[in-house]
Engineer: 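Sharing a structure with you now.
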Amino acid sequence: MGDAMSHAALPGIVLAFLLTGSRDLPLLLAGASLSAWLGALLVVFIIRHSRIRPDAALGLVLSVFFGFGMVLLTVAQRRPTAAQAGLERFLFGQAAMMLRRDVEGIALAAALILLLIVLLWKEFKVLAFDPAFAAAIGLPVMALDVLLTTLIVLTIALGLQAMGVVLMSAVLVAPAAAARQWTNRLEPMVILAGGFGALSGILGTLLSSWIGRLPTGPVIALCASGIALFSLGFAPHRGLVWAWKPLRYVKTRKVISPFERNPQLKDGTPGPLP
Amino acid sequence: MLAPPFEIMLVAALTGAACALPGVFLFLRRMALVGDAISHAILFGIVGAFLIVRDLRSPWLIIGAAGTGVLTAVAVDVLRQTGRVKEDAALGLMFTALFSLGVVGIARGVGNIHLDLDAVLLGELAFAPFDRMIWGEWDLGPRGAWVMGGLLLLNLVLILALYKEFTLSTFDPDLAAIFGFRPAALHYLLMGMTALTVVAAFDVAGVVLVVALLVVPPATAALLTDRLPSMLGLSVLLGLAMALGGYGLAYALDLSIAGSMATVGGVLFALAFLGAPAHGLIAQARQAARQRERLAQQMLIIHLLSHEGTEAEREENCVETLPQHLRWAPAFAEQVIQRAERAGWVMREGDLLRVTETGRRVAEEVLGAHGGTISSP
């Protein structure tokens with residue numbers, strides 16, 4: 001879903017620019033959020049009202065919105081103003097082009113999103129694991145769902161500048177998948193995922209500035225994938241590397257009869273017939 | 001030799017048709033997103049192969065890319081089977097990683113050679129006429145047309161030859177396995193077909209349009225038909241319509257060709273979603289309305305019959321009080337009565353409504369079907 005939403009943000013960005021002619025970040029982000037929202041809504045609507053299944057609905061919305069965004073981009077590029085030049089950076093992201101003002105805005109919005117998640121923690125938790133139960137205990141499931149989707153959309157819109165629409169889903173999916181391997185509880189998982197995300201962001205930026213000619217967004221995505229891959233392999237308990245060992249152990253173990261394991265059993269059994 | 005616009009149209013049409021065929025099976029197997037993942041992941045294969053052979057037209061590029069595509073599908077399956085991540089997350093992990101590697105490869109190694117990021121996302125259909133197939137002294141037309149035509153033929157032959165195997169393993173993999181059809185082998189054959197088609201179309205159409213061509217025609221066709229053969233045919237036609245309509249739009253308004261094709265696809269899907277004969281939103285709404293009305297008419301005659309000849313008949317079966325007793329809006333009640341009259345189920349006797357012989361039979365049938373009899377409440 002994150003992938004479809006981030007692709008769906010593109011036409012909103014370009015449309016916001018075309019309609020107002022300005023490249024103010026809040027404006028573009030509002031456009032991005034609106035069209036990502038519309039994309040998510042359409043996916044749900046298509047699944048509910050037709051025989052199209054989720055995978056196809058996602059692929060459909062993703063590619064059509066992105067294609068339409070590309071069409072709008074060619075329109076924008078015909079504008080005589082130089083302002084349109086920066087729009088393309090939303091495709092792959094360009095963290096280096098961000099201004100201090102942008103960073104401050106992103107930090108503020110991120111803090112707000114974090115605050116909302118902390119405040120509504122229990123509600124979101126119940127919603128994620130058992131929506132039917134959430135409805136039964138009288139939570140406004142619909143409203144919470146809308147709010148959660150809005151938060152995701154906002155996060156995507158904020159991340160687009162750095163990551164671009166194509167690779168945005170890497171930083172949405174990979175840290176969470178990595179964190180899942182280390183813990184079975186939601187609280188540590190969220191904190192770990194946040195940490196992994198931050199780590200890949202820092203690592204990616206550093207790498208791309210140390211080594212020349214490395215685009216930041218893809219390197220951040222690679223760092224996130226690397227962390228996820230490492231976690232899949234080596235996390236305690238769930239790591240795939242550990243999973244091989246017990247399997248061999250079982251194979252080579254001698255078969256022990258129930259009598260050997262539990263001698264008391266023998267006492268209760270009748271002896272051989274005379 | 002054709003004029004360049006016609007050559008572009010030819011390449012576009014062949015691409016649209018070639019993508020639609022494997023797309024149908026991806027759609028039916030709920031693997032549309034695997035197509036998406038493959039189309040992103042092959043970038044790594046193309047760039048990797050290019051960095052080794054350093055020739056943009058080498059067949060190794062296609063082989064490397066198609067190999068990466070199949071490997072991605074295998075890796076996603078393996079990841080999912082470990083149970084550590086769900087399928088969507090496995091897809092998300094794989095394709096973003098490989099796509100990033102591809103982008104990094106382009107930025108680091110390829111430099112100024114023509115393999116830039118815009119081309120990756122959007123393809124270069126407009127340049128198709130410049131890349132020609134030359135054999136001896138003969139100019140055989142654009143290379144893209146030959147490649148896509150060959151793939152269309154390959155897909156067509158494979159699907160026709162293995163039609164019953166593909167069909168059965170798509171709809172009932174267990175039965176297919178019992179029959180010895182090897183669903184796993186067919187699965188990877190389909191992945192291979194998809195990867196090869198996507199790689200070839202990649203040159204022409206770019207990553208995102210390939211996804212549109214894989215997903216949109218089958219999804220639209222699924223709304224229009226219930227049978228596999230007609231779905232295949234319709235998908236190919238829709239792929240053609242997307243390709244040609246998109247090119248027309250782009251040509252007329254000077255827009256991105258790939259983007260216009262995806263947009264046209266979206267419009268086609270929206271039309272089918274609203275107006276498809278059986279599965280469209282409008283048809284569904286009309287059917288629901290018809291059903292509601294039928295139910296209301298049946299309710300009306302059963303209500304009338306159950307009070308017939310009782311003391312309350314004058315009170316219950318009166319045109320004025322009926323809406324109140326059945327809890328209908330007056331306008332709706334009036335409409336139902338009129339329709340029932342026209343169907344010959346009821347007739348008016350002054351204020352009173354009476355059930356006709358036909359209506360009586362209908363009521364008995366309805367109640368009989370539900371195992372009930374008319375009784376006074």
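Proteins come first, then strands; the chains are lettered A, B, ... in the order of their sequence lines, and each starts at number 1.
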Engineer: So if I take each residue of residues 271-279 of chain B and look for any heavy atom under 4.5 Å from a heavy atom in chain A, which residues do I end up with?
Structural biologist: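 Answer by number: B/F273, B/H279.
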Engineer: Ignoring hydrogens and geometry, is there a side-chain-to-backbone donor-acceptor pair from A/R53 to B/M31 under 3.5 Å?
Structural biologist: no
Engineer: Among all residues two or more places apart in sequence or in another chain, which pass the side-chain hydrogen bond (donor to acceptor under 3.5 Å, both in side chains) test with B/R30?
Structural biologist: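 B/R30 satisfies side-chain hydrogen bond (donor to acceptor under 3.5 Å, both in side chains) with no other residue.
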Engineer: State, with a plain yes or no, whether a side-chain heavy atom of B/V85 is found less than 4.5 Å away from one of A/Q181.
Structural biologist: yes
Engineer: Mind listing the closest non-hydrogen atom pair of A/L167 and B/S100 along with its distance?
Structural biologist: CD2-OG, 3.5 Å
Engineer: Which atoms of A/S63 come close to chain B, meaning under 4.5 Å heavy atom to heavy atom: side chain ones, backbone ones, both, or neither?
Structural biologist: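 Backbone plus side chain of A/S63, per the 4.5 Å heavy-atom cut-off to chain B.
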Engineer: Measure across A/V64 and B/V216 and return the closest heavy-atom pair with its distance rounded to 0.1 Å.
Structural biologist: CG2-CG2, 4.0 Å
Engineer: Compare every heavy atom of B/T96 with every heavy atom of A/S225, then report the nearest pair and how far apart it is.
Structural biologist: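 In this case the closest contact between A/S225 and B/T96 is OG-OG1, 4.3 Å.
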Engineer: Heavy-atom distances under 4.5 Å only: say whether A/L60 touches chain B with side chain, backbone, both or neither.
Structural biologist: both
Engineer: Is chain B contacted by the side chain of A/L172, its backbone, both, or neither, given a heavy-atom distance below 4.5 Å?
Structural biologist: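 For A/L172, there is no contact with chain B at all, as no heavy atom is under 4.5 Å.
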Engineer: Name all residues meeting the side-chain hydrogen bond (donor to acceptor under 3.5 Å, both in side chains) criterion together with B/K86; count only those two or more places apart in sequence or in a different chain, and write none if there are none.
Structural biologist: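 In terms of side-chain hydrogen bond (donor to acceptor under 3.5 Å, both in side chains), with neighbours along the sequence ignored, B/K86 is linked to no residue.
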Engineer: Kindly write out the residues that satisfy salt bridge (Lys or Arg N to Asp or Glu O under 4.0 Å) with A/D145, not counting sequence neighbours, or none if the list is empty.
Structural biologist: none
Engineer: Backbone N or O of B/S256 within a donor-acceptor pair of the A/T74 side chain at under 3.5 Å?
Structural biologist: yes
Engineer: Taking every non-hydrogen pair under 4.5 Å, which of A/I46, A/V173, A/L58, A/L232 racks up the most with chain B?
Structural biologist: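 Max contact count across the listed options: A/I46.
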